[in-house]
Every structure is written in structure tokens, then in C-alpha cells.
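To start, the structure itself, in C-alpha cells.
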Amino acid sequence: MQKTLKIPRHVAVIMDGNGRWAKKRLMPRTFGHRAGMNAMIAMARKAKSMGVQYLTVYALSTENFSRPREELEGLFDLIRRYFTKNVKELYAEGAAVRVIGDIAALPPDVQALIEEGVKNSPADARFFVVLALNYGARAEITRAVNWAISRSQQLSEDDVSRLLYTSDMPDPDLIIRTGGELRLSNFLLWQAAYSELYFTDVLFPDFDDAQFERAIEAYSGRDRRFGRV
Ligand code: FPP
């Protein structure tokens with residue numbers, strides 16, 4: 001008998017393990033990121049087919065900016081490729097791309113591609129791939145606090161939520177982290193207040209459809225009480 005799964009509206013993923021995946025194959029880290037991008041594209045398709053509405057992926061953290069220039073350039077090239085080629089497939093499937101994070105620190109041509117990619121997304125999209133690029137939750141919250149200070153304004157919790165990059169998105173129901181580490185690493189700290197967490201040792205390039213389904217099944221079996229009894 002087919003099980004009926006409870007599908008999370010918003011899944012957020014810390015795509016960890018690309019570097020180790022490449023190292024095991026005696027290849028440069030960039031090779032792992034390229035495999036990671038392919039895994040991410042496949043994961044978006046799978047998430048959409050299962051009825052997820054928002055898939056947020058941690059593609060570049062504020063802390064990742066201190067990585068060697070060569071690795072960063074490799075990541076920028078992947079972003080370029082994503083926004084020149086892959087987004088078109090996304091649009092054709094009726095999906096949109098969004099970005100959270102401070103993209104002003106990215107190379108100007110990358111910023112322009114991102115802005116264009118977000119702007120050209122279908123207006124009636126029902127599935128959103130949200131790329132976290134130069135994203136850090138502490139920087140995001142600090143930005144909101146500074147906005148309030150500059151206007152001498154007190155903030156409610158709802159006000160803070162509205163001042164975050166994710167203002168028009170639901171909080172993640174499920175956060176997945178691949179690669180074996182058991183932490184959030186500055187990802188969606190405010191929004192994760194009641195998220196279910198799922199950790200797996202699988203390195204992100206190996207995180208395939210079956211792995212994604214396994215995470216959704218685990219979520220489906222959780223009892224979400226949001227602090228109530
Ligand atoms: C962490 O693995 C992963 C990243 C820093 C980058 C993730 C990026 C992608 C999957 C490609 C994203 C797509 C676009 C459009 C840019 P790690 O390198 O820290 O792995 P390690 O812990 O094994 O060293």
C-alpha cells in the first residue's frame with residue numbers, strides 16, 4: 001500500500017561534502033562543487049515533483065568568502081552557468097529562482113546575471129529555488145537591527161521576520177544537512193526556530209532522489225508541536 005507522506009512546504013538544504021567527495025576521487029574541490037550543482041538541480045526537480053513549494057540551498061556562505069581565490073572563482077563560474085543555462089529549464093517548468101544574501105560582494109557580471117535571472121522568472125510560479133549566496137544569518141539579522149536603529153524603531157518578532165531576506169517566504173519546515181556535520185553553520189537561524197532537522201553522512205554530490213525521499217519520509221513521521229502540548 002502506498003504511504004501518504006506529509007510534504008514540507010519549504011525545505012532548506014546545507015549542501016555539505018563537495019570537497020571531500022572530490023578529494024576521494026583525487027580531484028580538485030571545484031570538481032566536487034560542479035557535481036554538487038548537478039545534484040542540486042536534480043534535487044530541485046525531485047522536490048518540485050513531490051509537492052515542495054520552496055527549496056532553499058546554501059550555495060555560498062559569508063564565511064565561504066575566505067576560501068582560496070581559485071575555489072571562489074570556480075563557484076562564481078557555476079553561478080554564471082546556472083543563471084545563463086539552467087534557469088531557462090527552471091522557467092520552462094513553471095518555476096522561479098530567488099536569491100537571499102548580500103550579492104553586492106559578488107563580481108559585477110554575476111550580480112547582473114542574478115538580477116536578470118530573478119526578474120525573468122515566471123510571475124505565476126508555484127515552485128521556488130532560493131539560492132543563498134553570500135548569505136549569513138547573523139549578517140541578515142544585524143542588517144534588520146541596524147535598519148530599526150536608523151529609524152529609532154522598536155521591533156516585534158513579526159517586524160524582524162519582515163526585515164529578513166525571507167520576508168515573503170514561509171519558514172523552513174525541514175532543514176537537511178548532508179556531509180555528516182551536526183550544526184546549522186549560520187544558516188537561517190531566525191527562520192529555523194521550529195524547523196525539523198535532518199542530518200545525513202551522505203556527501204552532497206551523492207544526495208540523490210532516494211536520499212531526498214528518505215529525508216521527506218523522516219520529516220513525515222515527525223510530530224510538530226511548535227512548543228504546544
Ligand atoms: C560545502 O561543501 C559546499 C559549498 C561551499 C558550495 C555548495 C555549492 C554547490 C553545491 C553548487 C551550488 C550551485 C550554484 C548555482 C552556485 P564543502 O566544500 O565545504 O565540502 P567539504 O566539507 O567536504 O570540504
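All ligand and atom numbering here is 1-based and tracks the order in the structure. Because only heavy atoms are used, hydrogens play no part in the values below, and waters and symmetry mates are left out as well, while side chains stay in. The model shown is predicted, which means the values in this text are computed figures rather than measured ones.
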Quiz item: Counting heavy atoms not belonging to R224, are there more than 12 under 6.0 Å from its CZ?
Solution: yes

Quiz item: Is Q153 atom CD crowded by more than 12 heavy atoms from other residues, nucleotides or ligands, each under 6.0 Å away?
Solution: yes

Quiz item: So is Y58 polar-close to ligand 1, meaning N/O to N/O under 3.5 Å?
Solution: no

Quiz prompt | Carboxylate-amine/guanidinium contact R214 D208, below 4.0 Å | solution = no

Quiz item: What are the atoms of ligand 1, with element, lying closer than 4.0 Å to any heavy atom of D16?
Solution: 1 (C), 2 (O), 17 (P), 19 (O), 20 (O), 21 (P), 22 (O)

Quiz item: Angle class for the Y58/Y135 ring planes (parallel below 30°, perpendicular above 60°, tilted otherwise)?
Solution: perpendicular

Quiz item: Do other residues, nucleotides or ligands put more than 12 heavy atoms under 6.0 Å from the CZ atom of R222?
Solution: yes

Quiz item: So which protein heavy atom does atom 13 (C) of ligand 1 come closest to, and at what separation?
Solution: M40 SD, 3.7 Å

Quiz item: In the hydrophobic clustering that connects Ile, Leu, Val, Met, Phe, Trp and Tyr at side-chain heavy-atom distances below 4.5 Å, which members other than F226 occupy its cluster, ordered by chain and number?
Solution: Y194

Quiz item: If you measure from atom 17 (P) of ligand 1 to every heavy atom of K23, E63, R29, which option wins on shortest distance?
Solution: R29

Quiz item: Salt bridge check: are D124 and R126 linked by an N-O gap of less than 4.0 Å?
Solution: no

Quiz item: So, is G19 polar-close to ligand 1, with some N/O to N/O distance under 3.5 Å?
Solution: yes

Quiz item: Ion pair present between R45 and E89, side-chain N to carboxylate O less than 4.0 angstrom?
Solution: yes

Quiz item: Does any N/O atom on W21 come nearer than 3.5 Å to any N/O atom on ligand 1?
Solution: no

Quiz item: Nearest non-hydrogen atom to atom 21 (P) of ligand 1 belongs to which of M15, R20, R67?
Solution: R20

Quiz item: Which of the atoms in ligand 1, numbered in the order shown and given with their element, are less than 4.0 Å from a heavy-atom of G36?
Solution: 10 (C)

Exercise. Number the atoms of ligand 1 from 1 as they appear, then name those within less than 4.0 Å of a heavy atom of I79, with their elements.
Key: 16 (C)

Practice problem: State whether the shortest distance between N or O atoms of N18 and N or O atoms of ligand 1 falls below 3.5 angstrom. | Solution: yes

Practice problem: Tell me which protein heavy atom sits closest to atom 4 (C) of ligand 1, plus the residue, atom name and distance to 0.1 Å. | Solution: H33 CE1, 3.7 Å

Self-check item: Pick from A22, A59, S61: the one approaching atom 12 (C) of ligand 1 most closely through a non-hydrogen atom
Solution: A59

Quiz item: Does a sphere of radius 6.0 Å around NZ in K6 hold more than 12 heavy atoms from other residues, nucleotides or ligands, not counting ones at 6.0 Å or beyond?
Solution: yes

Quiz item: Does G17, backbone or side chain, put an N or O under 3.5 Å from an N or O of ligand 1?
Solution: yes

Quiz prompt | atom 5 (C) of ligand 1 [closest protein heavy-atom partner, distance rounded to 0.1 Å] | solution = N64 OD1, 3.4 Å

Exercise. List the closest protein heavy-atom neighbour of atom 14 (C) of ligand 1: residue, atom name, distance to the nearest 0.1 Å.
Key: M37 SD, 3.9 Å

Practice problem: Answer yes or no: does an N/O atom from Y82 fall short of 3.5 Å to an N/O atom of ligand 1? | Solution: no

Quiz item: Are any of the side-chain nitrogens in E73 or R69 under 4.0 Å away from the carboxylate oxygens of its partner?
Solution: yes

